Amino acid sequence: MSIVFQKTKGLTDAVTHYCPGCTHGIVHRLVGEALEELGIIGDAIGVAPVGCSVMAYNYFSCDMVQAPHGRAPAVATGLKRSLPDNIVFTYQGDGDLAAIGTAETVHAATRGENITVIFINNAIYGMTGGQMAPTTLPGQVTQTTPYGRDVNYSGYPVRVCEMVSTLDGVALAQRVAVNNVKNVMAAKAAIKKAFEMQINKKGFSIIEVLSTCSTNWGMTPVAAMKWLEENMIPYYPLGVYKDKTKEAE
Amino acid sequence: MAYNILFAGFGGQGVQFAAKVTTYSGMMSGSEVSLLPSYGPEMRGGTSNCAVRIDNKMIASPIVNEPNLLMALNQPSYDKFVEKVEEGGTVIFDDSLIKRTDARTDISVYPIPATKLAREHGFQGLANMIALGYMAKKTGFLSLDVLKEGLAKAVPASKAALLGKNIEALEFGFNY
Amino acid sequence: MSKVLMKGNEAIAEAAIRAGCLHFFGYPITPQTEVAAYFSKKLPKLGGTFLQAESEVAAINMVLGAASAGVRAMTSSSSPGISLKTEGISYIIGSDLPCLIINVQRGGPGLGGIQPSQSDYWQATKAPGHGDGHLLVYAPDRVQEIIEYIFTAFDKAEEYRMPAMLLLDGTLGQMMEPVSFDDIPTPVKHEKPWATNGHKNAREHNIINSLFLKPEELEIKNFERFERYAKVCENEQRYEEYMTDDAEIIIVAIGIAARVSKSAIDDARAAGIKVGLLRPITVFPFPTKAFDKIKNDPKVKSVLTVELNMGQMTDDVKLALECKKPVELLRHTGGIVPTPKEVFAKLCELNGGIKK
């Protein structure tokens, strides 16, 4: 009997705590597969954030550090500067990366820290039960925007890839989504490319992954995928915002 | 003899450097020494001062509240510190910049127009060394030779070319 | 013995490099900026990392990362900057990571002032961050001793897997004294099997973490940590006694306050007052053993604390004495350092005047 699919060695056997229908599981697998396919599980050190993916340290099979809220890029900087030949990545949500950790994100990016950032954008705070995120869409209802996000009152969402792509230290900034098979395949290729760029010492790479939170969006998983496609992708267009390897050509 | 010295002047007059030379010299003459600079916004063009202690026994506090030796290179410094000089203490001051305003008779006061002399004799920016040489002459607190040794230590390697001129200024002040 | 004249802040950096710390992360703040400047000159040439971080918050988290990697790492700041670092310090404590933090204290609260102070004593010894936890806290009083305790701090931080702090004041950071590196110890090498440095597929994955969602697990962690603190209190108390043998009055002071007190003691002794100094060098652990003698010594009539704060250490002194001796406090804040004359006057008062 031939094996046609098996779980990546990049993940442990721990059972995740994520909600049914959550796309963290997909992104975890993509990261784990990328680490395995590049043969870098033994060299990689992941930094877990504060938020839904706080316990990512139990799920990735490489060495893991759990960082204070928003500080993952600073912790990753300390790791990478101490161990320049290892592979260092952070795995962060939108609140962690684009609200409380904005300074750490922007400055690690502009320094061109040779690290990889996996950025989960699901437009909501999941762990605390569905409050407004820096990426919550205009009009979107959350626990703390019960009448819908009023941009005149709460301000506008942050488009992270567009913002960091203006920084010279950034080697790769790409937005992908995991709402259908085609996009999942593209997301995998992007994540793998980000790690390859780190291996080749190109600088800061960030992959923003548009994700769903069916629990806090109050939808079925299938409806959430549809909502992502119809609402998030128009506001956060998929694509490559910066690619130093392309610029060199 | 224990020396509790205050060097004071405008930022840029080299009081910190004169203090450093003195501290090195004290160290090289075998004494215990400490140096405590004032710090903060004062460094940026205001008055700057530096406390140096030289003693034969271990120095407890590096702070000099009542100096027995004061070098004042500008008026605000003179005015601020002259009243604090210990009875029997000595003051060296630059009388090309400072008018004596106190009436103390219990201290020895020696004026030297260090800034004017520096300008006229090709020692631009070295009024501090002229005053230091003069201080050594008037008080004998350190010998000229040991001050030269301290100076050689205090001048950083990157500025070694300036050592010769500093030594000349020191000697000029000593022989004034 | 070859001596060089060195500023406290520069000596911190030179000693740390010699102790094997090649990773420094910091943010400029008066009166300790020379620490960073010195590192920035030296570390690149030694293959180390000097990084000026975007904030104090980032700097301490870079230290967290570097310490996780298993290298000796440190940061340095002054009071308002340390407040910003407390989040990271708490995580470092909770993750059982060794590192060194320097606090060259200035007056507070708020932006306060920039002149010397000891007003972060409570913060350093009682509440360095949220949650139950401690730092090893050393309070040297001279530049040579700063050098000595940089080595001790790294060694003990790694031995007990906890962060260490040098609690200084602006005077100690700024002053220059002759120092020698002739007799410095060889840095102790501690194995770090817990480090997250890539498992090379040769061991289980290491996790550095301070999150324990099950209360029972978190409590076990805290109890274990406090067992280590108990060992620290038993084994790591350091203090200096100066003329205490026949003393009727004991001054307790640290840092610059201790040095001013020594001046006053010399004057007081000359005037026939029997006074000595007990100078804590560790303030966590507080050197309670030194007080065990004093509290039962019938010769000792009173204890005087001299502090550059409103009396923060005085609490610990009273506790250590179990209220068996009266404790008086001489204090200044905001950057004012007590003068030897002031301390002398207080000693005369406590002595009931000078009996010749």
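Residue numbers begin at 1 in each chain, while the letters A, B, ... track the order of the sequences. For clarity, every value in this text was computed on a predicted model and none was experimentally measured.
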Between [X] and chain A, with a heavy-atom cut-off of 4.5 Å, which part of the residue counts as in contact: side chain, backbone, both or neither?
X        : answer
C:Ala195 : backbone
C:His23  : side chain
C:Val71  : side chain
C:Leu213 : side chain
C:Ser210 : both

## Note on the structure
Turns out that what part of A:Ala67 lies under 4.5 Å from chain C's heavy atoms comes down to backbone
### Message
Between A:Ile45 and chain C, with a heavy-atom cut-off of 4.5 Å, which part of the residue counts as in contact: side chain, backbone, both or neither?
### Response
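When you check distances to chain C, only side chain atoms of A:Ile45 fall under 4.5 Å.
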Quick check for you: to the nearest 0.5 Å, what is the distance between [X] atom [atom1] and [Y] atom [atom2]?
X        : Y        : atom1 : atom2 : answer
A:Tyr57  : C:Asn209 : OH    : CG    : 3.5 Å
C:Tyr91  : A:Arg71  : OH    : CZ    : 8.5 Å
C:Asn201 : A:Ser61  : CG    : OG    : 8.0 Å

Decide if atom [atom1] of [X] counts as having more than 12 heavy atoms of other residues, nucleotides or ligands within a radius under 6.0 Å.
X        : atom1 : result
C:Lys126 : NZ    : yes
C:Glu224 : CD    : yes
A:Asp168 : CG    : no
A:Tyr236 : OH    : yes
A:Lys202 : NZ    : no
A:Lys9   : NZ    : no
C:Lys192 : NZ    : yes

### Query
Heavy-atom distance under 4.5 Å between the side chains of C:Ile208 and A:Met64, does that happen here?
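The answer is no; the side chains never approach within 4.5 Å.
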### Considering all heavy atoms, the nearest C:Ser68-A:Leu79 contact
CB-CD2, 4.0 Å
### Summary
All heavy atoms of C:Thr49 vs all of A:Arg81, minimum pair found to be OG1-O, 3.4 Å
### Query
Yes or no on side-chain contact (heavy atoms from CB on, under 4.5 Å) for C:His205 and A:Thr12, after CA distance, side-chain angles and deciding distance?
CA-CA 9 Å; C:His205 73 149; A:Thr12 64; 3.9 Å; yes
### Donor-acceptor pair, side chain of A:Asn86 and main chain of C:Asn197, under 3.5 angstrom
yes
### Query
With respect to A:Pro68, which candidate in C:Val57, C:Ile60, C:Leu64, C:Ile92 satisfies the side-chain contact (heavy atoms from CB on, under 4.5 Å) definition?
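Per the side-chain contact (heavy atoms from CB on, under 4.5 Å) rule, the option paired with A:Pro68 is C:Leu64, out of C:Val57, C:Ile60, C:Leu64, C:Ile92.
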## Note on the structure
chain C shares the most heavy-atom pairs under 4.5 Å, among A:Ala44, A:Gly70, A:Ala74, A:Ala72, with A:Ala74
### chain C neighbours within residues 105-122 of chain A, where any heavy atom lies under 4.5 Å away
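Listed by number, the contacting residues are A:His107, A:Arg111, A:Glu113.
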### Query
Counting heavy-atom pairs under 4.5 Å to chain A, which of C:Arg203, C:Glu87, C:His199 comes out on top?
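Option with the top pair count is C:His199.
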### Task
Could you go through the salt bridge (Lys or Arg N to Asp or Glu O under 4.0 Å) check for C:Lys200 and A:Asp63 one step at a time?
CA-CA 10 Å; C:Lys200 305 286 174 200; A:Asp63 279 355; over 6 Å; no
